[in-house]
Number of protein chains: 2
Amino acid sequence: MTAQWSDLLEQISSQRGAAGKPIYLVIADYIKDAIEEAAIADNTKLPTNRHLSEMLGIDRSTAARAYAELAKDGYIASHVGRGTFTRLPMKTAPAPSFEHTDELIWAEKFSRASQTVYDMFRLEHSKYGWQKGVISFAGGIPTADSYPNQDFEDMLSSILQQGRGHEMFEYSPGEGQPDLRREVKKYLQSQDINVTDDELLIVSGSQQGLDLVSGILIDPQDVVAMEDPSYLWAICSFKSRQARCVPVSLDENGLRLDVLDQVLKRQRVKFIYTIPNYQNPTGITMSVERRENLMQLANHHQVPILEDNFAGELRYEGEPLPSLRALPGGENLVIHMGTFSKALCPALRLGWLVAPAKAMSRITIAKRASNLSTNSISQVLLAEFLNRGLYDKHLSIVRELYKKRRDTMLGALQKELGYLAGSNKEKNKVSWSKPDGGMFAWIKLPDGCHSRDLLTYAERAGVTYAPGDMCFLTPDNPEYLRLCFIQLDEETIKRGVRRLARAIKSYLEDISTVSEENRSYALGAGGQSFI
Amino acid sequence: MTAQWSDLLEQISSQRGAAGKPIYLVIADYIKDAIEEAAIADNTKLPTNRHLSEMLGIDRSTAARAYAELAKDGYIASHVGRGTFTRLPMKTAPAPSFEHTDELIWAEKFSRASQTVYDMFRLEHSKYGWQKGVISFAGGIPTADSYPNQDFEDMLSSILQQGRGHEMFEYSPGEGQPDLRREVKKYLQSQDINVTDDELLIVSGSQQGLDLVSGILIDPQDVVAMEDPSYLWAICSFKSRQARCVPVSLDENGLRLDVLDQVLKRQRVKFIYTIPNYQNPTGITMSVERRENLMQLANHHQVPILEDNFAGELRYEGEPLPSLRALPGGENLVIHMGTFSKALCPALRLGWLVAPAKAMSRITIAKRASNLSTNSISQVLLAEFLNRGLYDKHLSIVRELYKKRRDTMLGALQKELGYLAGSNKEKNKVSWSKPDGGMFAWIKLPDGCHSRDLLTYAERAGVTYAPGDMCFLTPDNPEYLRLCFIQLDEETIKRGVRRLARAIKSYLEDISTVSEENRSYALGAGGQSFI
C-alpha cells in the first residue's frame, strides 16, 4: 500500500495549482483504478478522513469529497464504528441469462440448430467480465462517440421540414428502399463494383446477409471452405445449418491457396467464405496477387465465394485493394457483403448484398420469409446521408480516429510487452499482428498458455478481451486473444494494455512456477532428472 | 360499344354544370376504367377527336384534353395515319423477377430450404396482376392513408428538440430498446398478459418472430399441428426447416379440438401453431370456450403452443377475447407473438414475442445469430408513441375505419353476389365469411370451381385477390379466395367487388357451358345417359 499512496502523492503534487482535474477527483479516480485493478483488495479498510488528509497533505473537506465520490459510485461502503471499506461495485450489465428455469418441457424441444447457436453463444459469453470499470477490448461495436449524430439530426429535421416525413413511414419493398438502393449502387460503383438492379439487396445488417446466404445454399453435410480462424458468427451461421466447415489456414497474405486447392480437389465444396480485408479475428489483409489467384482458382473449380467485407472502409494505409467481386469472374461467382454498422453506426442495422441475379432472386425471396422487409426510417435517413456526400466526410473522420487508436494500441503493446516480444525464450514469447485497417489486433501468447486461463488474471486486473479459441475450427489453438481497438479512447487503450501486460506477467510467472513445481516433482529425490 | 358510350353520356350530363370533376376527366376516367375492365378490348380503335366530340356533344378541345390525359397515362397510343388505339398500360410494379440468368453453377447450389421458400413464393406470386388500375384485394398490408404520420413527425421533432436525438442512433441490445420494452410490457399488461424481463423480446416484425421460433424448435421431420388452411408464410417457415405440418380443420369456433386430440394422441407433436383472432385466411375467431379447452388439451399433453396474434387489435365487435397466454398454463406453454405492422405501420418493422424464460433465452440467442438486433430509431419512436398514449387513440381510429371497410365489403358482396348466395343449386352457390375483426373475408365458390381459373377472368375485369389453395396443407381445396378489405377505400372496395362479381358470373357461365358440353359428350348418340 505504501508505494501506492506515494504514487498518488506524486499525481496530486503534479496536479496542484494546475487548471485541470480537482484534487478530490484525482484521489477518487486513483482509488477507483486501484480497486478495479485489484491493487487494493476487495473489502480493504481505508484510512479515516483525518488520516487520509494528513497522509496526502490535503484539506479534510477534500478527503471527504473524494470519499463521497467513491461512495456515490459504489466503490466504498462505510460501517458505523468499523470504518470505511472498499468493495467492487455490483455488476451493471450482466450477460443475458440463459438458465433461469429449466422446465423439462422446453429442454427437450430445442432443435439441433438451436443447440449449435447456444453453444457458440456460451463460448463467446462464458467468461466475459462486466464488472464496473473493467476495460473491454472484447466485442467489436463502434461506440457512440464516433457516430455522426449531428448530421443525422439535421437530416431528420430537414426531411421533416421538406414535408417528406411520410417517406419514412411508408412500407419499403423487400429489396430495399429505392433511394437507398440508388445511393448504394453509386457507392459500390466508386469501388469498381458495378451492379444491376437484379444483383443488389438491402439487408437488415450484415448478420442478416450471412443468415440469408447460409439459408439458400447450405444443406446438412454441405462443405464450406473458410479461413481458420474466422468470424465466430459466420461459423455459427454455417454450422447451425449443419454445414461441415473445412479449415484453410492463413499466412501473412491471407487465405492459403495451396491448402484451399487441396480442399477443392478432394471435396465437393458448396462455397468459400472469406474476409479479405483486416480479417476477423487476425487483422490480416489478403494481398492483391492472392486475390487474383483466388479468383482464378474459384473460376477453375466453378465454386462460389462469399466475400465478407465487414470493415473494408476502415483502411489506414495505402490504396484500397480490389474487391473479389470486381475481379474477373467475380460477377458470376462472388456474393459480396458489406455493412454500414462498422464504419458508420450499428443502430441503423443496414447493410447490403451483391450477388449474381440467379442467386439474388433466391436470397430476396428468403428475405421475404425471414423478416419481410427492412425498416424504412433508417433507409430514408441513410439514403439522404449518402446523397449529401456525408459518408465520405464521415469516413475520413473515423479513419483518422481509428488509425490513431490502432497506433496507440500497437505503441502500448510495444511499450508494455516489448520485452516479451523480444524474448529469446519461446516459453515467454508474446507476439501480435500489425493490422493495416479494421478493428482488431491479434495476440499470440507463448506456447502452453491458454487465453481463457489468462482471462481470470486479466479480469482481476480490470481488463477483458475475446479469447481466440472460439474463432478456430481446429482444436488446440488456445494461445490467442483478440483485442478491438476502435471502441475506446486512447487513454483508456493505454490503461487497458497496461492492465493486460500486468495480467500476462502474473500469469506467466504463475505457470512458470507451476511448471517449476511440476519439474521438481518430476525430478527424483536427489534432484536428478528422470527424463 | 354503343351501350357503353350511352353510359358515359349519362355521366357527362349528370356532371355538367356541377362543381365537380371536369368533363374531360370524367371521359378519360370512364375510358380508363373500361380499358382496365376489358370492356373495351386492347388495341381497339377509338373515335377521332371530331367524332368523339359529336357523339358526346362536347367541345373538340374537351375531347382532345381527354385523349391527352389518356395518352399521358399510357392508355392510348396514336399512330399517324391510322388513328388512336387503346392499350393496357405497361406493368408498373412487376413481381420480383427470379429467372433472369440460369447459370448452372447456381441452379445446382440451392438448398432444400431455399427450394421450399421459392415454391411458396411462386405459389403466392404466379398469377398476381400488377396491371395499372387493377384493384387488388390480394396481400394484407395496410396502406399509408391509415398511418399516424403527423404524430410520428411531431414525435421525431420533439425528440430532436429535447436533445434526445442521440438515443435513436445508439445501438440497442438484442432483446430490444429498454424504453420500448417497458412500454410493450405495459401494453401487454392491459391485455392480462403479464411478463417478466426474461419473457419478452422485441423482434424486427412478426415474420422474424416466426422465423426465430421455427429455428429454435424444428428439426427435420418434427411435427407441427396447425389450422388448415393457415398463414402461407408460417407454413413456409415450418416447411423450410423440413417440419411435417399436420392439418387440423376449423369450424365456426376455430381449431377443431376433436381432430387435434387425435393428432396429439397419435403423433409426437413439437408444437401447435394457431391464429385465434380473425384467422388468416378464414377470418374465424376462436371462441372463449374453445380457447379454454385448447389450453386444457395442451396442458394435458404438455405440448407448447405458438399463438400468432397478428391482428388482435383489429376487433370490430364485442369484447376482446383472452389470449391463450393469459389462460391457465399459458405462462409455461404458450409462445405469444404480436406485431405493430397491421394495426399501426408496417414500415416500423416491429413486433414482440412472449415466451417462457427457458425458451426465450434460446430465442434471444437465435436473434443474435439472425440479425444481431433491431433498428433503434423506430424503437425509440414507437416507445414515445406508446408512452404518450397515442396508440390507443390510433387504434380507435383504425378500428372505425376498417370496420366501415369490412361492412362495405360485406354489403357489396351481398349486393353483387347475394343472388348466388341464396342459390339452391349447389353448382352456383357462393358463400363468404363474416369476420368480426381483422382484415380478411374468405369466399367459397361452388364445388368444381378453381380460384386460379377465376383469376384469369378477374384480372380481365380489373380485380385481383389471393387464391386460397396456397393456404391449405391438404390438396383439393380449389374453391376458396381471400379478400383483404383494410387496404382500399370504400368506393374502390365497391368497384372491386362489382368487377369480381362480373368475373364470377362469366366464369360460372363458361364452366356451366363446358359442363353442358361435357354432359352432352357423356350422353350417348340417342341422348340417353350411360351413367
Side-chain angles (χ1 to χ4, degrees), chain A residues 96 98 100-103 105-106 109-114 117-118 121 141 144 147 149 152-153 156-157 160 165-166 169-172 198 204-205 207-208 211 215-219 233 236-237 270 302 332 345-347 349 356-359 361-362 364-366 369-372 375-378, chain B residues 96 98 100-103 105-106 109-114 117-118 121 141 144 147 149 152-153 156-157 160 165-166 169-172 198 204-205 207-208 211 215-219 233 236-237 302 332 345-347 349 356-359 361-362 364-366 368-372 375-378:
Chain A
F98 41 79
H100 280 268
T101 58
D102 199 359
E103 296 104 19
I105 178 180
W106 288 104
K109 291 282 177 190
F110 300 126
S111 64
R112 283 195 294 277
S114 167
V117 180
Y118 179 70
F121 179 86
I141 293 171
Y147 306 158
N149 281 358
F152 284 160
E153 294 189 20
L156 274 183
S157 299
L160 293 175
H166 62 95
F169 314 120
E170 277 160 12
Y171 184 69
S172 301
D198 294 332
S204 309
Q207 188 66 36
Q208 185 186 41
D211 193 49
I216 67 143
L217 292 179
I218 299 174
D219 276 321
W233 289 98
C236 177
S237 188
K270 200 63 168 284
Q302 287 288 291
N332 291 323
C345 170
R349 309 303 314 128
K358 176 76 179 171
S361 65
R362 289 298 181 106
T364 304
I365 296 170
S370 162
N371 75 341
L372 203 58
N375 167 290
S376 300
I377 311 178
S378 57
Chain B
F98 40 79
H100 281 268
T101 58
D102 198 0
E103 296 105 17
I105 177 181
W106 289 104
K109 291 282 176 190
F110 300 125
S111 64
R112 283 195 293 277
S114 166
V117 180
Y118 180 69
F121 179 86
I141 293 171
Y147 307 158
N149 281 358
F152 284 160
E153 293 189 21
L156 274 183
S157 299
L160 293 175
H166 62 95
F169 314 120
E170 277 160 13
Y171 184 69
S172 300
D198 294 332
S204 309
Q207 188 64 36
Q208 187 187 40
D211 192 49
I216 69 143
L217 292 179
I218 300 174
D219 275 321
W233 289 98
C236 177
S237 188
Q302 287 288 290
N332 291 324
C345 171
R349 309 304 313 128
K358 176 75 180 170
S361 66
R362 289 297 181 109
T364 305
I365 296 171
R368 169 72 185 80
S370 163
N371 75 343
L372 202 57
N375 169 289
S376 300
I377 311 178
S378 56

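For the numbers below, each heavy atom of this structure counts, side chains included, while hydrogens, waters and symmetry mates do not. Below, chains carry the letters A, B, ... as their sequence lines are ordered, and counting in each starts from 1.
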**Student:** Which pair of non-hydrogen atoms, one from A:F110 and one from B:K358, has the smallest distance, and what is that distance?
**Tutor:** CZ-O, 3.6 Å
**Student:** With a 3.5 Å distance limit and no angle check, can you tell me whether B:D198 reaches the backbone of B:A357 through a side-chain donor-acceptor pair?
**Tutor:** no
**Student:** So what's closer than 4.5 Å to chain B heavy atoms on A:I141: side chain, backbone, both or neither?
**Tutor:** side chain
**Student:** Quick one: of B:G205, B:S172, B:G215, who has the most non-hydrogen atom pairs under 4.5 Å with chain A?
**Tutor:** B:G215
**Student:** Which of the residues A:I216, A:I377, A:V117, A:I218 is involved in the greatest number of heavy-atom pairs with chain B at under 4.5 angstrom?
**Tutor:** A:I216
**Student:** Does any backbone or side-chain atom of B:S237 lie under 4.5 Å from a heavy atom of chain A? Answer side chain, backbone, both or neither.
**Tutor:** neither
**Student:** Which pair of non-hydrogen atoms, one from A:N332 and one from A:P356, has the smallest distance, and what is that distance?
**Tutor:** O-CG, 3.3 Å
**Student:** Under 4.5 Å from any heavy atom of chain B, what part of A:S378 do you find: side chain, backbone, both or neither?
**Tutor:** both
**Student:** Tell me, for A:Y147 versus chain B, whether the close heavy atoms (under 4.5 Å) come from the side chain, the backbone, both or neither.
**Tutor:** side chain
**Student:** Can any side-chain N or O of B:S204 pair as donor or acceptor with the backbone N or O of B:R349 at less than 3.5 Å?
**Tutor:** no
**Student:** Look at the side chain of B:N149 and the backbone N and O of A:H166, then say whether any donor-acceptor pair between them is shorter than 3.5 Å.
**Tutor:** no
**Student:** Which atoms of A:D211 come close to chain B, meaning under 4.5 Å heavy atom to heavy atom: side chain ones, backbone ones, both, or neither?
**Tutor:** side chain
**Student:** Sub-3.5 Å donor-acceptor pair from the side chain of A:Q207 to the main-chain atoms of B:A369, do we have one?
**Tutor:** yes
**Student:** Under 4.5 Å, counting heavy-atom pairs only, tell me which of A:C345, A:S370, A:G165 racks up the most with chain B.
**Tutor:** A:S370
